Number of protein chains: 2
Amino acid sequence: MEVTIFTDEQKQAARFAKAMGHPVRMYVLDLLNKQSCCYSGDLSDILPIAKSTLSQHLKELKDAGLIQGEIEAPKVKYCINKENWAKAQKLFQAFLEY
Amino acid sequence: MEVTIFTDEQKQAARFAKAMGHPVRMYVLDLLNKQSCCYSGDLSDILPIAKSTLSQHLKELKDAGLIQGEIEAPKVKYCINKENWAKAQKLFQAFLEY
DNA sequence: ATCTTTGTTCGTAATTTAACGAACAATCAT
DNA sequence: ATGATTGTTCGTTAAATTACGAACAAAGAT
């Protein structure tokens, strides 16, 4: 049972925002947004965190729907999830405009 | 000592995003964005949460710089922090565009 | 001076998040 | 068949988040 005072838009926007709410995840999104795709290993080389931690962050972005990963063995290529990215754009633009 | 791989923009955007990452806080921002200001009590009437919880959420939005509260005794009037809101707009627009 | 209204702060509990290293799985190269 | 590379999963720990009710503080009304 869910008390639903909030619109779907608010809930979805909050979900996206939460996923963006960490510097590492912002960094990843920023990078993917610029070059569309990258390998997990490239990120691991750059970012000063354990690879398991990075994997966790990537999972969160994936669970929120903002990115997607496809296996290019033995690597994994991560890309922006364009459909949901577009959704996020719409939500935030509507939200930020007044 | 801070390992600084992240740009100030990324850190600031993550900070804002984190503050937006909860339905209650999105709701509040949405409302304030539409009508510019409101009293804490009005929110308390609408939202199905304890007033202490609401107060906590408002504090987080305040700490992130997205809203500001001024005392109109015995009430408190909350408004969007326009300066920082503009900053958030810029950051997210730059981020969301490609 | 006392009571009421309004909102914050405090104390507490349950859950989630963030981080690490070790272990594991999958694939490619030798 | 063995070893190297790449990333995820597991187990664990510390810290932060979310939530509540009770207590408190400040101001206005009686």
Side-chain angles (χ1 to χ4, degrees), chain A residues 1-6 10-11 13-29 31-32 37-79, chain B residues 1-6 10-11 13-29 31-32 37-79:
Chain A
M1 192 63 170
E2 238 212 296
V3 181
T4 176
I5 283 289
F6 310 116
Q10 285 165 347
K11 285 186 279 188
R15 183 83 184 78
F16 285 146
K18 191 178 177 188
M20 294 191 284
H22 189 286
V24 165
R25 298 195 291 268
M26 275 304 291
Y27 181 95
V28 171
L29 287 173
L31 192 74
L32 290 185
C37 288
C38 79
Y39 294 102
S40 176
D42 303 340
L43 293 168
S44 199
D45 292 341
I46 301 165
L47 295 169
I49 57 175
K51 59 183 178 157
S52 55
T53 304
L54 173 60
S55 199
Q56 239 179 120
H57 283 302
L58 292 172
K59 180 169 162 34
E60 277 176 76
L61 288 172
K62 215 168 21 176
D63 289 349
L66 290 172
I67 68 171
Q68 59 200 151
E70 71 180 277
I71 296 164
E72 276 189 16
K75 300 188 176 185
V76 176
K77 190 171 76 171
Y78 280 102
C79 307
Chain B
M1 194 59 174
E2 238 212 297
V3 180
T4 177
I5 281 289
F6 311 115
Q10 285 165 346
K11 285 186 278 188
R15 183 82 184 78
F16 285 147
K18 190 179 179 188
M20 295 191 283
H22 189 287
V24 165
R25 297 196 291 267
M26 275 305 289
Y27 182 95
V28 171
L29 288 173
L31 193 76
L32 290 185
C37 288
C38 80
Y39 295 103
S40 176
D42 303 340
L43 294 167
S44 198
D45 291 341
I46 301 166
L47 295 169
I49 57 174
K51 60 184 178 157
S52 54
T53 305
L54 174 60
S55 199
Q56 241 178 115
H57 283 301
L58 292 172
K59 180 168 162 35
E60 277 176 74
L61 288 171
K62 215 168 20 175
D63 289 349
L66 290 173
I67 67 172
Q68 59 200 151
E70 69 181 275
I71 294 164
E72 276 191 15
K75 299 187 177 187
V76 177
K77 191 171 76 171
Y78 280 102
C79 307

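Heavy-atom basis, side chains included; hydrogens, waters and symmetry copies ignored. All figures in this text were calculated on a predicted structure; none of them were measured in a lab. The chains referred to below are lettered A, B, ... by the order of the sequence lines, with proteins before strands, and numbering in each begins at 1.
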Can a side chain N or O of B:H57 be found less than 4.0 Å away from OP1 or OP2 on D:dT17? no

Is any side-chain nitrogen or oxygen of B:Y78 closer than 4.0 Å to OP1 or OP2 of C:dT8? yes

Heavy-atom nearest nucleotide on DNA chain C taken for A:P74 and for B:S40; more 5' hit belongs to B:S40

Which residue lies toward the 5' end of DNA chain C, A:R25 or B:L54, if each is placed at its nearest nucleotide?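 Its nucleotide being nearer the 5' end, the pick is B:L54.
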
Can you tell me how far [atom2] of [N] sits from [atom1] of [X], to the nearest Å?
| X | N | atom1 | atom2 | value |
| --- | --- | --- | --- | --- |
| A:D63 | C:dA18 | CG | P | 13 Å |
| A:M26 | C:dA18 | CE | C1' | 18 Å |
| B:L61 | D:dT18 | CG | P | 11 Å |
| A:K59 | C:dA19 | NZ | C1' | 16 Å |
| A:E72 | C:dT27 | CD | P | 14 Å |
| A:Y39 | C:dC28 | OH | C1' | 15 Å |
| A:E70 | D:dG7 | CD | P | 13 Å |
| A:K75 | D:dT5 | NZ | P | 12 Å |

What's the closest nucleotide to the [X] side chain, out of [options]?
| X | options | answer |
| --- | --- | --- |
| B:A50 | D:dC20, D:dT9, C:dT17 | D:dC20 |
| A:E60 | D:dC20, D:dG7, C:dA18 | C:dA18 |
| A:T53 | C:dT17, D:dT6, C:dC20 | C:dC20 |
| B:K51 | C:dG7, C:dT16, D:dT8 | C:dG7 |
| B:S52 | D:dG28, D:dC20, C:dG7 | D:dC20 |
| A:Q56 | C:dA19, D:dG7, D:dA16 | C:dA19 |
| B:H22 | C:dT16, C:dC20, D:dA19 | D:dA19 |

Can you tell if the side chain of B:C38 reaches within under 4.5 Å of the side chain of B:L32, non-hydrogen atoms only?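 Yes, side chains in contact.
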
Quick one: pull up CD1 in B:I5 and NZ in B:K11 and give me the separation to the nearest 0.5 Å. 10.5 Å

Taking atom CG of A:L31 and atom SG of A:C37, what is their separation to the nearest 0.5 Å?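 Result: 10.5 Å between the selected atoms.
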
Students often mix this up, so state it plainly: with edges at 30° and 60°, are the rings of A:H57 and A:H22 parallel, tilted or perpendicular?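 Ring orientation, 0 to 90° scale: tilted.
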
5′-ward residue of the pair A:L58/A:K18 relative to DNA chain D: A:L58

For atom CD1 of A:I46, is the number of surrounding heavy atoms from other residues, nucleotides or ligands below 6.0 Å larger than 12? yes

